[in-house]
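What follows is a set of notes on a single structure, which appears directly below.
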2 protein chains.
Amino acid sequence: MTFEELLNDPRLGQALKSDVPTPLYHQVYLFLKEKIHLGDIPFGEKMPTEHQLSEAFQVSRITAKRAMDELAEEGYISRRRGKGSHVIYKHRAEQLAAPLSGLLENLKVLGEETQVRSIDFKRAIPPLDIQERFGLAPNEELIQSVRVRLTDGIPFGYYVSWTRDIGEGYNEMSLQQSTRLDLFKSAGIALDNVEQSITATLSNMDTALVLEIPTGRPLLLLDRSMYDAEGKLIDHLYAIYRPDKYQFDMKFSMK
Amino acid sequence: MTFEELLNDPRLGQALKSDVPTPLYHQVYLFLKEKIHLGDIPFGEKMPTEHQLSEAFQVSRITAKRAMDELAEEGYISRRRGKGSHVIYKHRAEQLAAPLSGLLENLKVLGEETQVRSIDFKRAIPPLDIQERFGLAPNEELIQSVRVRLTDGIPFGYYVSWTRDIGEGYNEMSLQQSTRLDLFKSAGIALDNVEQSITATLSNMDTALVLEIPTGRPLLLLDRSMYDAEGKLIDHLYAIYRPDKYQFDMKFSMK
DNA sequence: CACTATTTGTCCGTATGTATG
DNA sequence: TCATACATACGGACAAATAGT
């Protein structure tokens with residue numbers, strides 16, 4: 001693909017500006033950077049001229065120039081007067097680490113290769129949505145555990161769980177060493193059904209600080225409820241993951 | 001929770017500015033809006049003063065004022081001189097639509113309640129990463145299908161699939177009427193194993209235009225490979241979903 | 001070699017937006 | 001509210017390097 005084709009799209013003229021007041025030059029910069037980053041525009045390819053860009057995006061030449069200048073400053077392109085700008089970024093297809101398959105192995109692998117840090121562990125009255133899910137009386141307490149999971153010292157998962165009282169074996173120390181599934185088993189709780197949903201959200205200031213990323217980055221959000229044989233909700237978990245460090249992998253048979 | 005507690009967090013002073021040059025007043029606005037939106041600060045609660053905000057975030061009073069002005073303009077708070085600002089937004093816990101469970105039912109429900117629009121359908125030489133997955137010779141072609149899935153006229157899913165030649169039954173028209181699983185079955189292809197991974201990403205200009213959302217919104221990204229009984233890759237799919245319209249729901253037993 | 005078109009670099013002036021004290 | 005500084009965005013103008021005729 002060349003830029004020629006891309007820039008002919010008349011929608012580009014209206015494509016700028018989202019709900020955030022981001023500068024025009026930066027939006028153009030982001031657009032171009034992504035094309036280069038993904039390998040859509042490979043090494044050596046000629047970039048569009050400042051004039052072409054300003055036409056396509058309906059901005060002034062100065063704005064287009066500034067976007068290109070930032071690309072040059074970050075080493076994506078070279079700029080030579082009279083000659084034009086050319087991509088000097090060498091794209092290599094990224095290898096997405098995908099060592100996980102299924103829920104159970106998933107958790108085991110995590111336990112071996114990563115560390116858990118407990119942020120908070122206490123009995124407390126849960127928020128309304130959790131109260132409703134558990135079917136609690138207004139003043140009933142659950143055990144809340146807030147944890148961060150790290151790999152090589154980099155935090156990639158943030159967990160907030162609410163759990164029924166299942167005995168002494170479930171405490172702040174044991175959580176660091178065993179998976180929660182094992183703790184439930186040791187406590188004699190036979191978990192039966194699991195319901196979970198996965199969606200996406202943006203990092204806000206709180207989650208950004210915990211996961212050591214900027215705000216406005218994409219995150220995976222897991223909402224999981226685990227029930228015992230009688231259909232009683234034993235445990236509810238909100239988990240937030242950095243997608244650059246963790247993703248959900250599934251294998252299954254269609255037979 | 002009140003703002004008093006939130007604002008005591010000294011991290012707020014460093015919390016602003018991400019990798020995008022977003023104005024300070026807008027970052028403060030986003031922070032406050034989220035607290036109100038999530039119900040952390042409920043209806044009737046007193047907002048912090050401009051002075052408190054400027055202290056907490058280490059910005060000038062004018063900047064804090066502007067953030068509050070935008071909140072008032074959007075109907076989240078009321079501002080009265082001498083009285084302070086108060087939340088007038090009534091939070092209601094959002095109902096996440098969750099009609100799907102498991103891959104197969106998932107697709108069936110989709111077929112009934114939603115529409116598919118074909119964007120592109122052709123034989124073509126796939127990009128390198130797809131070539132490698134299929135183990136193709138450099139000039140070998142596959143069938144590419146690009147589609148959008150809509151519910152009530154709102155696009156929520158964008159699909160790019162690459163498929164081996166499986167006969168005449170797999171064409172642009174049949175794709176609009178049957179699920180691809182049914183088409184494979186009709187063509188006598190016995191799909192066996194499925195591998196898929198789910199991650200999160202941000203909308204760029206291309207995906208934003210297709211899904212009718214602003215750029216920089218979170219998206220769910222599905223990468224799915226389907227193999228036949230001999231372990232031959234038959235079909236590869238990239239799917240992008242709006243998380244406000246679609247999420248992955250799973251139920252399973254631990255027995 | 002000159003001539004020209006293309007493309008980037010630099011500079012001007014102006015208007016508006018952002019942020020401070 | 002005011003004065004001030006800096007960033008963003010526009011259009012125009014001209015200079016300088018490159019490539020082709």
Side-chain angles (χ1 to χ4, degrees), chain A residues 2-4 6-8 12-33 35-36 41 44-89 205 214-216, chain B residues 7 12-33 48-74 79-82 85 205 214-216:
Chain A
T2 64
F3 275 115
E4 314 293 330
L6 290 175
L7 296 179
N8 282 330
L12 285 186
Q14 333 303 327
L16 299 184
K17 269 211 174 177
S18 64
D19 47 353
V20 213
T22 310
L24 291 177
Y25 71 86
H26 198 258
Q27 296 183 55
V28 176
Y29 159 80
L30 285 176
F31 176 85
L32 297 172
K33 185 180 118 178
K35 297 294 177 204
I36 297 171
I41 313 293
E45 191 79 29
K46 187 177 187 316
M47 294 287 290
T49 69
E50 297 171 357
H51 183 72
Q52 284 174 319
L53 274 184
S54 71
E55 285 274 307
F57 284 99
Q58 296 289 302
V59 296
S60 74
R61 205 200 111 198
I62 303 284
T63 305
K65 173 176 172 51
R66 177 148 179 193
M68 298 273 273
D69 285 343
E70 296 212 3
L71 283 175
E73 199 172 331
E74 304 211 351
Y76 287 108
I77 62 174
S78 78
R79 319 201 66 200
R80 295 260 290 285
R81 88 173 50 171
K83 208 168 164 234
S85 301
H86 296 262
V87 176
I88 56 174
Y89 174 86
M205 279 180 207
T215 58
Chain B
L7 296 180
L12 286 185
Q14 333 303 330
L16 300 183
K17 271 215 172 174
S18 61
D19 49 351
V20 215
T22 309
L24 290 177
Y25 71 86
H26 198 258
Q27 296 184 54
V28 176
Y29 159 80
L30 285 177
F31 176 87
L32 297 173
K33 184 179 117 175
T49 66
E50 295 172 1
H51 182 72
Q52 285 173 319
L53 274 183
S54 69
E55 285 276 306
F57 283 99
Q58 296 289 303
V59 296
S60 76
R61 213 200 97 198
I62 303 283
T63 305
K65 172 179 169 53
R66 180 150 176 191
M68 299 273 274
D69 286 343
E70 295 212 5
L71 284 174
E73 199 172 331
E74 304 212 352
R79 316 200 70 196
R80 295 257 291 284
R81 176 184 308 216
S85 301
M205 276 179 210
T215 58

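Computed from a predicted model, the values in this text were never measured in an experiment. To find a chain, count down the sequence lines: A is the first, B the second, and so on, and within it residues start at 1.
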Residue closer to the 5' end of DNA chain D, H26(A) versus I62(B) (nearest nucleotide) = I62(B)
Tell me which nucleotide among dC10(D), dT20(C), dT8(C) gets nearest to the side chain of R81(A).
-> dT8(C)
Whole-Å distance between dT20(C) P and E50(B) CD?
-> 13 Å
Given dT18(C), is OP1 or OP2 found less than 4.0 Å from the side-chain N or O atoms of R66(B)?
-> yes
Among the nucleotides dA9(D), dC10(D), dT8(C), which one has an atom lying closest to any side-chain atom of M68(A)?
-> dT8(C)
What integer distance in Å separates K46(A):NZ from dT18(D):P?
-> 14 Å
In whole angstrom, give the distance that lies between atom CZ of F57(B) and atom C1' of dT20(C).
-> 18 Å
If you round to the nearest 0.5 Å, how far is CG of D69(A) from OG of S85(A)?
-> 8.5 Å
5'-most by nearest nucleotide on DNA chain C - S60(B) or R79(A) | R79(A)
Under 4.0 Å between any heavy atoms, over every strand shown, what does R61(A) touch: base, sugar-phosphate, or nothing? Just pick one.
-> base
What is the distance from CG of D69(A) to P of dC11(C), rounded to the nearest Å?
-> 13 Å
Nearest 0.5 Å please: distance from the CD1 atom of I62(B) over to the CD atom of E50(B).
-> 8.0 Å
Interatomic distance where CD1 belongs to I77(A) and P belongs to dT7(C) [whole Å] | 14 Å
Taking atom CZ of R61(B) as the centre, report whether more than 12 heavy atoms of other residues, nucleotides or ligands fall under 6.0 Å from it.
-> no
Could you check how far OH of Y29(B) sits from P of dT18(C), rounded to whole Å?
-> 14 Å
Is any side-chain nitrogen or oxygen of K65(A) closer than 4.0 Å to OP1 or OP2 of dG9(C)?
-> yes
What integer distance in Å separates L24(B):CG from dA5(D):P?
-> 20 Å
Hey, does the side chain of T63(B) come within less than 4.0 Å of dT20(C)'s phosphate (OP1/OP2), counting only N and O?
-> yes
Send over the distance from Y25(B) OH to dT8(D) P, rounded to a whole Å.
-> 13 Å
side-chain N/O R80(A) vs dT7(C) OP1/OP2, d < 4.0 Å = no
Can you tell me how far NE2 of H26(A) sits from CD of E70(A), rounded to the nearest 0.5 angstrom?
-> 6.0 Å
If you measure from CD1 on I41(A) to NZ on K33(A), what distance do you get to the nearest 0.5 Å?
-> 15.5 Å
Output the single nucleotide from dT20(C), dA19(D), dT8(C) whose closest atom is nearest the side chain of K83(A).
-> dA19(D)
